[in-house]
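What follows is a set of notes on a single structure, which appears directly below.
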Amino acid sequence: MNHAFERALAGLNPRQREAVGLTTGPILVIAGAGSGKTRMLTVRIAWLVEREGVLPSNILAVTFTNKAAREMRERVLQLIPGSGSDVTLSTFHSFCCGLLRRWSAHAGFPDGFTIFDEDDSEKLMKSAITELHLDLKDFAPKKMLSLISQAKNDLVEPADFKPVHLHSDTLIEIYRKYQAKLTENRALDFDDLLMLCWKLLSTHPDLLEKFHKRYTYFLVDEYQDTNHAQYRLLKLFAQNTGNLCVVGDEDQSIYSWRGATIRNIQEFEKDFPGTRLVCLDQNYRSTQRILDAAGALISHNVRTHVKNLWTDTQGGEPLSFNHASDDREEADWVVGQIRAMADRGAGLRNFAVLFRMNSLSRSIEQSLTRFGIPYEVTGGTKFFHRREVKDVLGYLRVIANPHDSVSLARIINTPRRGIGKTLLAKMEAEGPLWESIVEHAKAGTKGKIAQFHDMIAEWRDRSPDESLFALVKSILDKTEYLNYLSDTDPDTAEERRGNIDSLVSDIRYQEEADPELGLRGYLEKVSLQSDVDDLDENTDRVHLLTLHNAKGLEFPVVFMIAMEEGIFPHYSAHAEPSELEEERRLAYVGMTRARERLLLSAARRRMVFGTWKPGIISRFLTEIPRSVFEGTPSTHSAPSNPSIRSENYSTLEAVPVRQTLFEGSTWVQGSRSSRSDRDSVPASMGNIHPGTEVFHPVFLHGKVLATEGESLGDFRLTIFFKKVGKKTLLLQYANLKVIQTKSSGG
DNA sequence: AACTCTGATGTGAGA
DNA sequence: CATCAGAGTT
């Protein structure tokens with residue numbers, strides 16, 4: 001008798017229980033926000049194993065982010081300890097990438113392929129357009145990429161590409177050229193991962209058969225955000241057994257601009273005949289008040305599977321709205337609210353500030369900094385996209401795959417080694433960059449290019465036998481990269497150095513966690529990582545993130561700022577009704593992240609690109625009934641009524657907050673003295689001992705368990721990080737900060 | 001020929 | 001506000 005499983009099963013509501021038990025054939029689970037779909041999915045996996053004797057290794061579950069996969073894996077392991085780890089839990093992209101590597105020989109490309117991100121692809125596209133003697137202004141690389149991305153998402157190859165465009169023939173040329181260049185670079189872009197995987201399975205019956213022997217049960221989370229390629233992949237996957245369970249909510253479809261099509265969920269019953277339909281509409285997350293507001297908003301969309309979320313917890317705090325005079329005042333209002341609640345004992349981890357675009361986080365960040373409140377931005381300028389990090393990764397990528405000309409061009413003269421633009425352009429004109437480098441190196445005369453070539457070649461030879469950590473250290477040593485940083489930009493050198501340290505720490509950590517990882521494995525992991533994968537709800541900081549990144553998360557208190565026409569809904573969505581509806585779904589997603597309190601704000605004017613722009617209240621605000629807001633004005637106006645604003649300000653100190661927010665909070669007294677980064681000092685051998693609380697740029701908060709070593713060179717720390725668990729780090733490279741507490745003299 | 005500086009430019013969301 | 005092409009400097 002598996003008690004954990006039985007208990008979880010008994011805890012399900014009738015609908016969830018039904019969705020768990022319908023294991024044969026296709027099933028569509030319409031799961032509203034906060035309806036416990038992750039619980040349902042994990043119990044379903046456990047049910048398959050415990051009740052139906054399905055081998056865990058026959059189960060494939062696909063999620064939207066690695067974070068979701070990781071969390072689901074943890075929960076599955078709780079239900080079925082041990083064998084639960086044999087369940088394949090992955091994102092579409094990671095899973096396809098794995099298949100392509102395993103079967104690369106059949107797919108007709110080397111398994112050492114590199115995954116190109118948006119930046120890489122753009123550089124490649126630019127060179128493709130230039131080589132075709134076209135003008136980058138007429139054929140904007142980003143625009144071209146998005147058209148080609150669409151085509152790939154629809155499984156359309158250059159030969160069948162029929163773009164609706166004035167110069168459609170040229171576009172086909174561009175697609176062809178771009179694809180040829182990818183091949184030349186031995187690289188795949190994100191869309192290739194899906195398209196080529198589908199192509200591989202649909203043209204190799206032997207491989208498909210192997211696949212079907214391995215996997216017989218399929219589960220897909222966030223089905224509303226799958227694209228056509230993913231749908232076709234699923235058709236192939238489930239074509240034998242038909243045991244396909246998809247979970248989604250069309251009201252939360254927010255990625256159509258990335259090729260996702262709501263059609264997949266709307267037509268699922270037609271696509272997979274015999275589908276059983278289950279609807280989860282009991283919400284376990286938010287108050288009725290929040291659900292009423294969100295429900296009213298989303299009812300302005302045309303929907304096929306209409307559901308009305310309900311909850312046992314009646315009432316709840318009213319929503320707040322603040323119409324500030326400008327963005328700074330708006331930010332101060334947000335921070336004022338946070339302070340008021342934090343002073344009453346709410347931990348900072350409870351707060352999330354959501355916004356439509358990354359640039360909107362600035363004013364909030366400034367205000368939080370002013371008050372010394374720790375925060376964490378998820379997304380925006382990503383760690384792995386920082387210049388110095390990309391430089392070092394560029395070396396690793398070239399070592400893994402020297403045909404990657406984008407990385408090659410990046411590092412060939414970074415740090416300076418006298419191979420400038422002209423020489424580079426000359427070599428690029430001679431053919432694939434690496435091949436010209438080899439030619440130049442062969443040509444005798446041990447010049448700069450030969451030196452560069454030999455350096456890379458040596459690392460290439462060594463890399464299979466050497467640890468990644470040793471390799472990256474060798475790169476930093478030999479190129480004197482850190483000196484290069486201080487020489488070129490002394491102002492930012494320290495910060496950049498810190499980022500390099502974090503990268504080295506990350507490499508070391510990943511390598512220790514998985515000794516089989518290897519160079520390619522690491523690079524693949526980095527490429528397929530998403531921003532939210534790193535988000536840790538348990539670090540006691542205010543969370544700042546875009547509405548898109550907030551998908552799948554929940555917070556007790558949610559702020560949605562910049563609720564203004566042109567920003568949200570975004571101006572580019574105004575013309576198209578379907579895009580406007582997607583914006584509304586995005587608002588719906590944001591609102592339903594809130595458990596207890598939802599606070600909205602807008603500004604009358606806002607600094608955008610250096611100029612003041614007037615702000616008009618978002619139509620979404622007017623679609624939320626007045627009755628759910630606090631201090632409901634007696635006048636019959638929309639929330640733009642100024643009385644609401646003064647109301648909010650006057651009640652700022654007396655914000656009513658439900659008691660639950662403060663329960664189990666570890667922050668409590670800490671909030672006044674604000675344990676911000678400014679209260680921390682760099683870790684040194686002198687100030688670090690067992691028990692010391694530390695902060696690491698990648699692994700965040702941790703506590704030192706033990707120290708070992710006498711000299712700086714081998715001073716090792718064993719630290720327990722809340723986020724990643726126990727880790728051993730070399731102090732020298734860890735870039736740790738010691739958090740000063742009252743007892744330690746801060 | 002490489003390096004440095006300047007001004008123009010383009011800016012949604014992200015695996 | 002970050003990137004980039006092109007002019008000017010070493």
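Residue numbers begin at 1 in each chain, while the letters A, B, ... track the order of the sequences.
- Taking A/E623 as the reference, A/R584 meet the salt bridge (Lys or Arg N to Asp or Glu O under 4.0 Å) condition, with sequence neighbours excluded.
- Contacts classified as side chain to side chain donor-acceptor pair (under 3.5 Å) and involving residues 113-125 of chain A (residues at least two apart or in different chains) are given here: A/T114-A/N401, A/D117-A/K390, A/D120-A/R397, A/S121-A/Y178.
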Anything under 3.5 Å between a protein N or O and an N or O of nucleotides 13-15 of chain B, put it in a table, one pair a line.
unit_1, atom_1, unit_2, atom_2, d
B/dA13, OP1, A/N358, N, 2.6
B/dA13, N3, A/W257, NE1, 3.2
B/dG14, OP1, A/T546, OG1, 3.0
B/dG14, OP1, A/N549, ND2, 2.8
B/dG14, OP2, A/N358, ND2, 3.4
B/dG14, N1, A/E118, OE1, 3.4
B/dA15, OP1, A/D531, N, 3.3
B/dA15, N6, A/E118, OE1, 3.1

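- In this structure, the separation between OH on A/Y588 and CD1 on A/I298 is 6.5 Å, given to the nearest 0.5 Å.
- Remark: A/K143 NZ is loosely packed, at most 12 non-hydrogen atoms of other residues, nucleotides or ligands lying under 6.0 Å away.
- Atom pair A/L360:CG and B/dG12:C1' shows a separation of 10 Å (rounding to whole Å applied).
- Comparing A/T488 and A/Y571 by the nucleotide of DNA chain B whose heavy atom lies nearest to each, the residue mapping closer to the 5' end is A/T488.
- Between the P atom of B/dG10 and the CD atom of A/E122 lies a distance of 13 Å, rounded to the nearest Å.
- For A/R416, no side-chain nitrogen or oxygen approaches OP1 or OP2 of B/dA1 to under 4.0 Å.
- In this structure, A/L423 reaches the sugar-phosphate backbone alone: every heavy-atom distance under 4.0 Å involves primed, P, OP1 or OP2 atoms, never a base.
- Note on ring orientation: taking the six-membered ring where Trp is involved, the planes of A/F95 and A/Y215 are perpendicular (angle over 60°, cut-offs 30° and 60°).
- Residues satisfying the side chain to side chain donor-acceptor pair (under 3.5 Å) test with A/Q179, not counting sequence neighbours, are A/K152, A/D192.
- We find that CZ of A/F568 is positioned 12 Å from C1' of B/dG12, with the value rounded to whole Å.
- Partners of A/K421 under the side chain to side chain donor-acceptor pair (under 3.5 Å) rule, at least two apart in sequence or in another chain, do not exist in this structure.
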Exercise. Go along nucleotides 2-10 of chain C 5' to 3' and tag each nucleotide: B for a protein heavy atom under 4.0 Å from its base, S when only backbone or sugar atoms are that close, - otherwise.
Key: --S------

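- Taking the side chain as every heavy atom from C-beta outward, A/N413 and A/L424 never approach each other to under 4.5 Å.
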